[in-house]
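Please read all numbers here as calculations on a predicted model, not as lab measurements.
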Amino acid sequence: MSESRFAGKTVLVTGAGSGIGKATATRLLKEGARVIAADISEKRLNDFATAHLGEPLAIVAGDIADDKTVEALLAACDGKLDGLANVAGIMDNFLPPHEVDDATWDRVMAVNLKGPMRLTRALLPLLRASKGSIANVASEAGLKASSAGVAYTCSKHAMIGFTRSLAFYYGLEGLRSNAVCPGAVATNIEVDMACSPFAMKRVGPVMAATAPPTAEPEAIAAALCWLLSDDSLNVNGAIMPSDGGWCVY
């Protein structure tokens with residue numbers, strides 16, 4: 001960890017009130033960035049701000065799938081943005097295709113895909129001007145179908161496509177886009193696999209046989225911050241597993 005790696009840079013982190021987002025925002029602050037922290041929970045953000053009084057931190061509470069939140073985040077940038085970490089996400093209770101309901105599908109797609117897409121789209125003028133870096137959180141579920149339900153799996157496969165599309169269209173301008181694919185991480189994302197006995201029977205044994213130990217959020221934050229920094233200057237369009245080797249099974 002370097003105290004000056006992000007000196008003079010502004011980085012926006014979604015899902016910053018807990019888990020991977022909080023660990024990422026914390027590390028960025030320690031490494032000299034001005035951080036704009038977004039989360040759906042105002043209480044979590046206020047607690048985070050209290051823990052970092054006097055540091056260059058702005059907080060914006062709201063749903064990233066909502067227009068007003070996107071507008072507030074754009075305003076918080078104050079005309080300057082060097083990095084974006086799209087971390088916020090929700091799970092789908094491992095529902096298989098024949099059991100997934102429209103409400104679950106729509107909500108997962110809104111938070112995991114539509115929200116990051118619309119936020120990124122709004123921030124692209126600033127990121128292109130700064131020749132910045134985008135680091136998206138995809139998932140092990142973006143690499144295979146045996147680690148989540150159909151809605152989450154589709155949303156994270158699509159996030160990989162979005163990451164690569166950004167890399168293709170803007171890479172020659174100097175704007176980089178990459179993604180980290182975590183496996184199991186100790187966060188507060190709620191998952192109720194018992195919602196689907198079918199999923200428990202099909203997915204449970206596969207995960208039990210192949211999944212490595214659960215990682216701490218700081219491990220994923222380290223990867224995200226590397227991708228956001230100039231240390232990864234020659235990396236664009238990369239989909240980087242941070243899953244303890246789970247993807248090789």
### Task
Without swapping roles, check the side chain of S155 against the backbone of Y152 for a donor-acceptor pair under 3.5 Å.
yes
#### Entry: Side chain to side chain, L29 and F48, heavy atoms closer than 4.5 Å
yes
### Side chain proximity check, T14 to P116, heavy atoms < 4.5 angstrom
no
### Query
Counting heavy atoms not belonging to K30, are there more than 12 under 6.0 Å from its NZ?
no
### Query
Should L123 and I134 count as side-chain neighbours, where that means a heavy-atom distance under 4.5 Å?
no
### N178, T120, T163 screened by side chain to side chain donor-acceptor pair (under 3.5 Å) with N136, the one that passes
T163
#### Entry: More than 12 heavy atoms from other groups under 6.0 Å of CG on L172
no
### Query
Do N236 side-chain atoms and S177 backbone N/O form a donor-acceptor pair below 3.5 Å?
yes
### Query
Has E55 got more than 12 heavy atoms of other residues, nucleotides or ligands less than 6.0 Å from its CD?
yes
### Task
Determine which pairs satisfy salt bridge (Lys or Arg N to Asp or Glu O under 4.0 Å) with at least one residue from residues 208-220, sequence neighbours left out, and list them in order.
none
### Query
Which atom names give the shortest non-hydrogen contact between A222 and R27, and what distance separates them?
CB-NH1, 3.5 Å
### Message
Less than 4.5 Å apart, side chain to side chain, heavy atoms only: is that true for F6 and L228?
### Response
yes
### Query
Does R176 use its side chain to pair, donor to acceptor, with the backbone of S232 at less than 3.5 Å?
yes
#### Entry: N93 side chain to T104 side chain, donor-acceptor N/O pair below 3.5 angstrom
no
#### Entry: L84 and its side-chain contact (heavy atoms from CB on, under 4.5 Å) partner, picked from D82, N86, V87
N86
### Task
Say whether, by atom type as modelled, one donor and one acceptor occur between the side chain of S165 and the main chain of G161 under 3.5 angstrom.
no
### Task
Would you mind checking if D78 and R34 are paired as a salt bridge, meaning a charged N to carboxylate O distance below 4.0 Å?
no
### Query
Is any side-chain N of the basic residue among K156 and D92 closer than 4.0 Å to the acidic one's carboxylate O?
no
### Query
Between the side chains of E140 and S147, does any donor sit under 3.5 Å from an acceptor?
no
### Message
Under the criterion salt bridge (Lys or Arg N to Asp or Glu O under 4.0 Å), I'd like the reasoning laid out for K144 against D243: C-alpha separation, chi angles, the key distance, then a yes or no.
### Response
CA-CA 13 Å; K144 58 190 181 186; D243 60 1; over 6 Å; no
